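Single-structure report; data block below.
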Amino acid sequence: ESPCSVIYKLLRPLMLVANHTSYLDVFVLGSLAPLSFTPKKEIRSWPVIGFLCVLADCVFVERKPTEINEAKAQMERRLDKDKILCLFPEGTTSDGKAVLPFRSGFLSLAEEYQMPVQPAMIAYTHIGDEPLTDARREEVAWIGETTFFGHILHLFGLPALRAEVVLHPALQFEQFEDRKEISKAAEETIRQSLDNVWKRHAH
């Protein structure tokens, strides 16, 4: 039985945290289990991608204190529907080669409900049959000044992409002093996992 099946049946409630390279991460992770993502509120107004987020039942999060309670209420409703909350604690996308520092505040809901936090590592390793090189990394990663439409149109012209996902054992809050510690542990787990992928593909 695959790890995804085990996660789907046993771990509820659950917060999945992952490194973030591209909007593709949502589709990759969303294919594994019924997830509810938590993008920032401004994404809702973005053409196409905002509409896709609505279809995916995302919770749009405004970081202002006055709106946090509403976001939490929406997340609770997703949990009641047996969904898994998924977020990207880096707060932005990277080039996919390294992990940016996690923002522990993203785990406040998990801390409040003592929810297990499961680290997930995503690595895009190949374009077609060719290993993804540093020179071509931005063809997959959505970073810098690249527009969404420009990026996705180019992406559609590429051969199939290959992605590796590693779902690590869930971390329990009782094992840590606070959310900063559990956030740091999740970040380090994903960083080591990503480093292992690149070491393996370097040979």
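Everything numeric in this text was worked out from a predicted model, so none of it was measured.
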Ignoring hydrogens, what is the shortest heavy-atom contact between [X] and [Y]? Give both atom names and the distance.
| X | Y | value |
| --- | --- | --- |
| V117 | A110 | CG2-CB, 3.9 Å |
| D25 | H20 | OD2-ND1, 2.7 Å |
| I84 | A33 | CD1-CB, 4.1 Å |
| A18 | I122 | CB-CD1, 4.4 Å |
| G128 | R162 | O-NH2, 4.1 Å |
| S31 | V28 | OG-O, 2.6 Å |

What do you reckon, is CD of E177 surrounded by more than 12 foreign heavy atoms closer than 6.0 Å? no
Does atom CD of E130 have more than 12 heavy-atom neighbours, drawn from other residues, nucleotides or ligands, at distances under 6.0 Å? no
Can you find a heavy atom in the side chain of [X] that is under 4.5 Å from one in the side chain of [Y]?
| X | Y | result |
| --- | --- | --- |
| F102 | E90 | yes |
| E111 | D178 | yes |
| L29 | F88 | yes |
| V17 | M15 | yes |
| P116 | L171 | no |
| T93 | T21 | no |
| L87 | F37 | no |
| F106 | R179 | no |

Item to check | Stacked cation flag R137 on W198, 6.0 angstrom / 45 deg | outcome: yes
Interatomic distance, [X] atom [atom1] to [Y] atom [atom2] [nearest 0.5 angstrom]:
| X | Y | atom1 | atom2 | answer |
| --- | --- | --- | --- | --- |
| Q118 | T189 | CD | OG1 | 11.0 Å |
| L167 | L32 | CG | CG | 6.0 Å |
| M121 | D195 | CE | CG | 10.0 Å |
| S22 | E138 | OG | CD | 12.0 Å |
| Q74 | F60 | CD | CZ | 9.0 Å |
| L100 | R191 | CG | CZ | 8.5 Å |

| task | Verify, without hydrogens or angle tests, whether R78 (side chain) and S36 (backbone) share a donor-acceptor contact under 3.5 angstrom. | result | no
>> Would M115 and L79 count as a side chain to side chain contact (heavy atoms under 4.5 Å, CB included) here? Give the steps.
In response: CA-CA 11 Å; M115 203 183 303; L79 292 172; 3.6 Å; yes
Those residues at least two apart in sequence (or on a different chain) that pass side-chain hydrogen bond (donor to acceptor under 3.5 Å, both in side chains) with D129 are none
S193 meets the side-chain hydrogen bond (donor to acceptor under 3.5 Å, both in side chains) criterion, sequence neighbours left out, with H168
E139 and R136 ion-paired at < 4.0 Å: yes
### Task
Verify side-chain hydrogen bond (donor to acceptor under 3.5 Å, both in side chains) between E164 and H201, making sure each step is shown before the conclusion.
CA-CA 12 Å; E164 291 188 24; H201 286 286; 2.8 Å; yes
Evaluation steps, side chain to side chain contact (heavy atoms under 4.5 Å, CB included), between L16 and L85
CA-CA 6 Å; L16 197 73; L85 293 180; over 6 Å; no
